[in-house]
Every structure is written in C-alpha cells, then in structure tokens.
Amino acid sequence: MTARLAQAKTPPLSLVMFGASGDLTARKLLPALASLADKGSLAGGTGLIGVARTKWSDDEFRDHCLKAVPDAKPAWAGFASRFRYVSGNYDDDATFERILEILAELDSPSGDGGTAGNRLFYLATIPALFGEVARGLARHGLNHPGPGGKFARLVIEKPFGRNLETAMALDETLHESFEENQIYRIDHYMGKETVQNVLALRFANSIFEPVWNRRYVGHVHVTVAESLGVEHRGSFYESAGALRDIVQNHVMQVLALTLMEPSATMDPTAIRDEKVKLLRSIMAPRADEVEKAVVRAQYLPGTIEGQAVPGYRNEDGVDPRSTTETFVAMRLTVDNWRWAGVPVFIRTGKRLAKRSTEVAMVFQRPPHLPFAGQLVRGLQPNALILRIQPDEGITLRFGAKVPGQDYRVGTVAMQFSYKEAFGGDPPEAYERLLLDAMTGDPTLFIRTDEVEQAWRLLEPIQEAFAEGYPHLSLYEAGSWGPLEAARLLEPDGYEWVNP
Ligand code: BG6
C-alpha cells in the first residue's frame with residue numbers, strides 16, 4: 001500500500017490566484033499544484049492566472065512558478081508554460097477587465113478543450129482584501145460561471161475575522177457577491193490525513209466508539225505545540241495571538257471531529273451539521289471563570305534543540321512591551337449527553353519543547369486495583385493518543401506486568417505509524433484541499449456557522465484578554481509552557497500528556 005492520494009481528476013477550469021507573488025502561493029499553493037500535475041490529477045487544459053500588484057510579465061511569473069518547486073517533475077513545466085499573469089490593484093476595474101479577457105481566451109476550446117467557463121478564485125491575499133476582491137469579481141460578473149461553465153467558486157484562507165462581529169461582517173460582504181455554497185473556507189488542519197483519520201478511527205471500527213463517552217473517558221487533551229517562534233510574522237502575530245491564530249480554528253476543528261456524534265453518511269452537510277452541533281455544546285469559561293480556567297502566557301528567551309532563541313518581545317516587528325499571548329491553555333466542558341462532566345483541556349504555544357500536535361483520550365482508572373499499592377505506583381491511566389503530527393500515528397497506552405515474581409505493573413504502549421503502514425509521508429494538506437475545491441467537495445471546508453460558533457464561544461475570553469486578565473504568565477522557550485498550565489489540571493487531579 002502507498003500513501004498516495006486516491007486520484008480524483010479535476011474538471012477543466014481556470015484557477016485565478018490573487019496574491020500570486022506572495023508567501024502562501026510560493027510555499028504552499030504552487031507545490032501543491034505541481035504535485036497534482038505530477039499525479040495526473042489536473043485536467044489537460046487547466047489554466048492558471050496569477051494576480052498581484054508586483055510588476056511581472058507572464059514569463060517572469062512562470063519563472064517564479066518553476067523556482068517555487070525546484071524538484072517538480074516535467075509535467076509541471078508543461079502546465080507552467082501556459083500560466084498567465086495580471087499585475088494590478090484589486091480596487092481597479094482594469095485588473096478585473098484584464099482577467100475577464102484572459103479567461104475568455106482560456107475558455108475557448110483549443111487543442112486541449114479549454115477551461116469550459118469554470119472558475120476557481122483563490123484569495124491568497126491578506127484578509128483585509130477579501131471583501132474588495134469579492135466585490136470586484138461580482139462587478140464583472142465573475143461570481144457566475146463563464147459561458148457553458150458549471151461553477152464559479154471562491155476559496156479564502158483564515159483568519160475569518162478577528163472576532164464574532166468582524167467574522168459576521170466579512171460573511172455579509174462575501175454573501176453580497178457569492179452564495180454560501182460557492183465559498184470554500186480553508187483551515188489547513190482539515191486537509192491533514194491524520195485529522196481526517198479521526199473519523200475513520202471512530203466510525204470504521206467497532207472497538208473505539210463504545211468507549212468514546214463519559215462512562216469510560218476521564219478527560220481529553222488537545223495539544224498543538226510548535227517549536228518555531230513567530231518567524232518573520234511578528235507584526236501580524238502582534239494583532240493575532242495564540243487564541244485567534246490556533247484555538248479559534250485548528251483546535252476547534254480537531255475537537256469537533258473528535259467529540260462530535262457519528263454522522264449517518266460522509267455527506268458534506270451531514271458532517272458539517274454534526275461538527276457545528278458539537279461546537280454549540282462546548283462550554284468555554286465565562287468572563288468570571290477566566291482567571292481559574294484559562295492560562296495566557298508569552299515566551300522568554302531560551303534554548304531549543306541546543307540553539308539559543310530570543311524571547312517574544314525581542315522578535316522583529318514585536319513591541320518590546322507586548323502583552324500578546326504566544327501560549328494559551330484552558331479547561332472546557334461539553335454539555336451534552338455523551339460528554340457531560342468530562343473535562344477537555346486544550347493548550348497551544350509557540351517555542352515549546354517540541355513540534356507536536358496530539359489528541360489524547362485519557363480513560364478512567366479501573367474501579368479497583370487488586371495489586372499491592374507499591375506494585376502499581378506510577379501506573380498511568382489508559383490512553384489513546386492520536387498523533388496528528390509529526391511522527392503521524394496512534395499510541396495506545398496501557399498497563400502490563402513487568403516480568404518478575406510479583407505483580408508489578410508498568411505502563412507500556414502499542415504504536416501505529418502511518419509511515420510504516422502506508423509507506424512514505426502523508427500528502428500535504430494543501431494538495432488535498434486544492435483538489436477538493438477544484439472537484440467541488442466542500443466536506444473539509446469550514447461553513448459559515450462553524451466559524452461563527454467558534455468565535456462566539458471564545459468571545460468572553462477575548463474580552464478578558466483585552467482587559468488584561470488572566471495575568472500574562474511567562475515561560476522559557478524550549479519548555480512545555482508556564483507552571484500555571486500544569487496547575488490548571490491539578491484541581492481535577494490530572495497531568496498533561498507531554499509528547
Ligand atoms: C497557521 C498559523 O494557521 O498554522 C501559524 O497561522 C502556525 O502560526 C501554523 O505556525 C501551524 O501549522 P502546522 O501545519 O505547521 O501545524
């Protein structure tokens with residue numbers, strides 16, 4: 001078996017990329033597209049129009065596309081030779097008129113059948129420009145397919161607003177020009193194979209689901225740990241912080257899949273309905289509980305893998321007196337029949353000891369241990385740990401008899417590794433998401449009500465942060481976060497499961 005994508009083939013279409021000279025396009029979108037070209041997933045006549053303010057010719061853009069994927073196979077150069085480029089501002093009608101002209105050329109049947117009036121607009125721009133581009137497209141009729149075409153879709157990237165109010169305003173603007181079913185909101189965590197595998201693990205097996213509830217699970221942990229700092233994005237991060245950057249989207253999406261009720265089918269509406277139902281059942285701390293149930297922290301200088309790294313306040317683009325959080329931990333509960341009373345602990349941070357995203361379902365301890373106390377000292381509760389990344393896999397932790405005369409019981413683990421089972425690394429998230437947007441499968445994209453619900457439940461915490469509480473804790477880069485994060489679990493008698 002291999003881990004290659006089961007290959008769908010895209011219909012003929014023109015992909016119009018706004019922000020074509022930017023970082024996301026070069027780092028993620030072009031390599032994903034090149035990989036799809038290599039696997040034969042792209043229809044022969046697939047067109048690509050790059051749009052950005054940078055003054056490039058078609059040839060300079062093609063050159064950029066080739067350089068962005070230095071190890072691409074020959075198929076990529078073949079596609080890239082037909083790429084087109086429009087240099088212009090997004091508030092200028094001339095930009096959209098030029099796009100229209102090129103789309104008409106690409107649509108007309110040539111040797112390879114043309115792009116048949118189908119369009120996918122990818123907004124790899126800063127979010128402040130989403131509304132402007134959507135309006136520009138609509139003014140020129142580009143919110144509808146071209147002649148003979150079947151679809152015109154709009155792909156946007158997080159952040160979707162800064163809070164509930166701005167998220168709703170953004171959607172209102174987008175909905176003036178595009179229907180909800182034309183909008184594909186990307187949260188790249190949904191494109192990760194291991195995140196999708198949460199559904200396979202839960203619903204394609206009969207041994208996990210019966211214990212996936214309050215009767216057996218004692219608590220749930222979600223950790224999204226990064227060893228990187230804010231890199232070159234200091235000024236962006238200053239206005240975001242960990243709550244907006246990771247918790248509102250990636251953590252909530254992973255939680256939704258892990259804790260939602262089984263969906264009867266894999267139909268996109270059925271899955272997204274279950275996710276949003278779960279998000280509606282999450283009880284985040286209220287404003288008066290934030291002091292006890294939320295930890296907010298920032299990294300100090302420290303050492304990661306033997307390298308000295310600066311503190312957050314010394315990063316480029318960061319205010320030396322900044323109070324932006326680079327770490328958040330909190331205790332949530334889920335008020336529904338399945339999860340009532342089970343604490344859900346989440347934490348995320350930059351400059352932690354190790355890059356690791358994991359979900360740990362930690363089971364209750366046995367009701368009675370017949371072994372003498374000293375023989376089971378240190379025995380950890382059973383846990384099923386979903387290793388989302390890196391080292392993708394699943395760990396089942398349990399107790400086993402340590403060889404010897406007495407009944408000493410130690411903690412051991414059974415491991416499943418994607419790499420060993422399927423050979424090779426799982427495909428990049430963007431490859432899957434781009435392919436789904438092109439083929440029109442919205443399952444892994446975020447619906448407007450999911451975005452709003454995730455903001456709604458974090459709103460009291462955002463307000464508390466803005467008012468300066470809980471106090472900002474500090475942690476050394478290279479640690480597992482501040483002491484306060486460990487204390488968050490103490491009242492329940494638990495500890496974090498560190499990767
Ligand atoms: C992005 C955040 O959404 O996710 C970044 O804006 C973060 O700050 C990144 O580094 C993490 O993604 P991954 O796939 O490396 O876990």
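All ligand and atom numbering here is 1-based and tracks the order in the structure.
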Notebook entry, point to check: Mind checking whether Phe203 and Trp212 have ring centres under 6.0 Å apart?
Noted result: no
Item checked: Aromatic contact, Phe18 with Tyr90 (centres under 6.0 Å) ->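 Ring centroids of Phe18 and Tyr90 are less than 6.0 Å from each other.
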Next item on the list: Between Tyr237 and ligand 1, find which residue part has any heavy-atom pair under 4.0 Å and reply side chain, backbone, both or neither.
Entry: neither
Note to self: Just to be sure I'm reading this right: ignoring hydrogens, which of Arg244, His250, His188, Glu226 gets closest to atom 7 (C) of ligand 1? Compare them by their nearest heavy atoms.
What the structure shows: Glu226
Item checked: Minimum non-hydrogen distance to atom 3 (O) of ligand 1, winning option of Glu157, Lys28, Lys158, Lys192 ->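 The nearest heavy atom belongs to Lys158.
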Notebook entry, point to check: How far apart are the closest heavy atoms of Ala225 and Lys354, and which atoms are they?
Noted result: CB-O, 3.4 Å
Notebook entry, point to check: If you take all heavy atoms of Gly19 and Thr125, which pair is closest and at what distance?
Noted result: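 That closest heavy-atom pairing would be N-CG2, 3.8 Å.
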Can you sort out which atoms of ligand 1 are near [X], meaning under 4.0 Å from one of its heavy atoms?
| X | value |
| --- | --- |
| Lys350 | 5 (C), 7 (C), 8 (O), 10 (O) |
| Gln389 | 13 (P), 16 (O) |
| Asp245 | 2 (C), 5 (C), 6 (O), 8 (O) |

Checklist line | Closest protein heavy atom (residue, atom, distance) for atom 5 (C) of ligand 1 | finding: Arg233 NH2, 3.0 Å
Next item on the list: Just need the protein heavy atom nearest to atom 15 (O) of ligand 1, so name the residue and atom and give the distance.
Entry: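 Checking every protein heavy atom, the shortest distance to atom 15 (O) of ligand 1 gives Arg355 NH2, 3.2 Å.
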Item checked: Thr194-Gln389 side chain donor-acceptor pair, cut-off 3.5 Å -> no
Check: Is the backbone of Val328 close enough, under 3.5 Å, to the side chain of Arg296 for a donor and an acceptor to pair up by distance?
Finding: no
